Asker: 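One structure, pasted below without further comment.
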Amino acid sequence: MTPPPRPASVEELNARKAFYDEIARQNLAPLWERVGGLVTRSPQPAARPVHWKYSSVRPHLLAAGALLTAKEAERRVLILANPGLPGRSQVTDSLFAGIQILLPGERAHAHRHTASALRLFLEGSGAYTAVNGERTNMERGDFVITPSWTWHDHGNDGHDPVIWLDGLDVPIVNLFDTSFSEGSEATQIPVSHPPHDCEARYTGALLPDGCKPESLSSPLLNYRYARARASLAEMHRNGPIDACHGVKLRYANPLTGGSVMPTMSAAVQLIPAGFRTAPYRSTDSTVFVVVEGRGQSKIADASFDWAENDVFVAPSWSLQQHRAESEAVLFSFSDRAAQEKLGIWREQREASSS
Ligand code: 1HN
């Protein structure tokens, strides 16, 4: 056996320190002092498990609505700012999330950016999003996508405020320093397609004959909650129920079966009343939104009591366990799509923290 290395003397440590200071002036650094922090044995997310109660967030959204117009704000969004990432405008280590409010009659004018966006519609009626001139009305629980570099504008033609959750891959786009954006002179991009035309073409396991993927994102802009909910209910009736997820559906690009957009994945799951999911973890930090029901989640050491429209975060590789008090439906999104493409996504079912 080789004897354990002799600890460095004070003189040797001082010599090393002087050497590090010297090479720092040449923009050099010793890997051996840093490798443990660079190549960790398991994920070390800065993001923390966090819970935003809708009942606490909603009054602040209404207050923002009274303080400035949607036109002044461009997008009147309250950022879900993870306290583990102070000042970074991030909900997880790789994603942005916020909650947006549009008052009756308001428009959020057209713009586009390289970041991909998704929305989960939470409250109100009469709102639409238009993507490249195709409008889709949004109802509670609908999951809507705005792929990279598509023009998009929103409007509220209803009588009450409308509120939805926005998820974007802004931190990923900025990691690669690939952010471009532009506004349009027009408030709205001229309507060039009949409303929800894509739903006629791309839902229900039917596709226009001869169509091929023309982009990396789904051609379907709105995944209706009513359809997802009906499938969940029937799958629940028919069984089986997954120990870690309850009954879970993944939102898919109908042309490829892959994720809806290249960087972000989304899913919706039903947890039966009284069911407790088995411990699970995965490397994609995940944002959950409670669409229906009440329950609790344990995320690492945190414990959250949730109700409808609440949002909570499970950081990368943190153990998660959910229990539904009443039958619950959770929507979730993450950067799993990007991780899978890079070959670095991992999961562990029925995991223990050891
Ligand atoms: C954005 O364009 C929207 O279009 C919402 O509604 C939130 C957050 C960061 C950057 C762009 C929208 C956004 C955003």
Side-chain angles (χ1 to χ4, degrees), residues 47 52 57 60-61 64-65 68-82 85 87-124 126-139 142-158 161-189 217 221-222 260-264 266 287 289 309 311 313 331 333-335 338:
W52 288 270
V57 173
H60 298 308
L61 285 165
L68 75 175
T69 63
K71 197 174 165 63
E72 286 173 293
E74 171 142 0
R75 295 297 190 260
R76 201 198 282 111
V77 175
L78 293 184
I79 298 169
L80 299 179
N82 193 301
L85 297 154
R88 300 262 298 272
S89 305
Q90 289 178 214
V91 69
T92 67
D93 289 72
S94 62
L95 294 177
F96 170 98
I99 305 201
Q100 181 159 177
I101 182 166
L102 264 191
L103 300 178
E106 282 189 329
R107 304 269 174 268
H109 87 91
H111 69 195
R112 60 178 176 173
H113 34 67
T114 35
S116 300
L118 58 80
R119 324 207 183 271
L120 187 79
F121 196 74
L122 299 176
E123 179 183 326
Y128 65 83
T129 278
V131 178
N132 282 342
E134 179 176 336
R135 276 191 188 189
T136 182
N137 66 308
M138 299 189 284
E139 290 170 38
D142 285 358
F143 166 57
V144 174
I145 63 166
T146 308
S148 175
W149 208 239
T150 54
W151 289 105
H152 52 285
D153 54 82
H154 319 297
N156 178 2
D157 290 336
V162 296
I163 297 174
W164 66 78
L165 172 124
D166 294 302
L168 288 96
D169 61 1
V170 166
I172 299 177
V173 168
N174 288 345
L175 169 70
F176 293 116
D177 241 316
T178 48
S179 175
F180 293 92
S181 68
E182 59 183 346
S184 165
E185 294 296 301
T187 304
Q188 299 163 315
I189 293 296
S217 296
L221 303 174
N222 192 340
V260 288
M261 292 185 287
T263 49
M264 292 188 284
V287 180
V289 186
N309 289 355
V311 179
V313 169
F331 168 84
F333 73 97
S334 76
D335 62 1

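Values below: every heavy atom of this structure, side chains too, minus hydrogens, waters and symmetry copies. Remember, predicted model here, so these are calculated numbers, not experimental data. Just so you know, ligand 1 is whichever comes first in the structure, and atom 1 is the first atom listed for that ligand. Index from 1, following the sequence.
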Asker: Where is the tightest heavy-atom contact between N222 and N137, given as atom of each residue plus distance?
Answerer: ND2-O, 3.1 Å
Asker: Could you list which atoms of ligand 1 come closer than 4.0 Å to a heavy atom of H113?
Answerer: 1 (C), 2 (O), 11 (C)
Asker: Does the S179 side chain pair with the main chain of N174, one donor and one acceptor, at a distance under 3.5 Å?
Answerer: no
Asker: If you have a sec, work out which protein heavy atom is nearest atom 12 (C) of ligand 1 and how many Å separate them, to one decimal?
Answerer: R75 NE, 2.9 Å
Asker: Below 4.0 angstrom from a heavy atom of H152, which ligand 1 atoms are there? Numbered from 1 as shown, please.
Answerer: 2 (O), 4 (O)
Asker: Tell me, which pairs form a salt bridge (Lys or Arg N to Asp or Glu O under 4.0 Å) where one or both residues lie in residues 101-110, sequence neighbours left out?
Answerer: R76-E106, R107-D157
Asker: List the closest protein heavy-atom neighbour of atom 6 (O) of ligand 1: residue, atom name, distance to the nearest 0.1 Å.
Answerer: H154 NE2, 2.6 Å
Asker: Heavy-atom distances under 4.0 Å are what count here, so tell me which part of L168 touches ligand 1: side chain, backbone, both or neither.
Answerer: side chain
Asker: Is a donor from one side chain sitting under 3.5 angstrom from an acceptor on the other, for D153 and W151?
Answerer: no
Asker: W52 and side chain to side chain contact (heavy atoms under 4.5 Å, CB included): which single residue from L78, L165, L80, V289 fits?
Answerer: L80
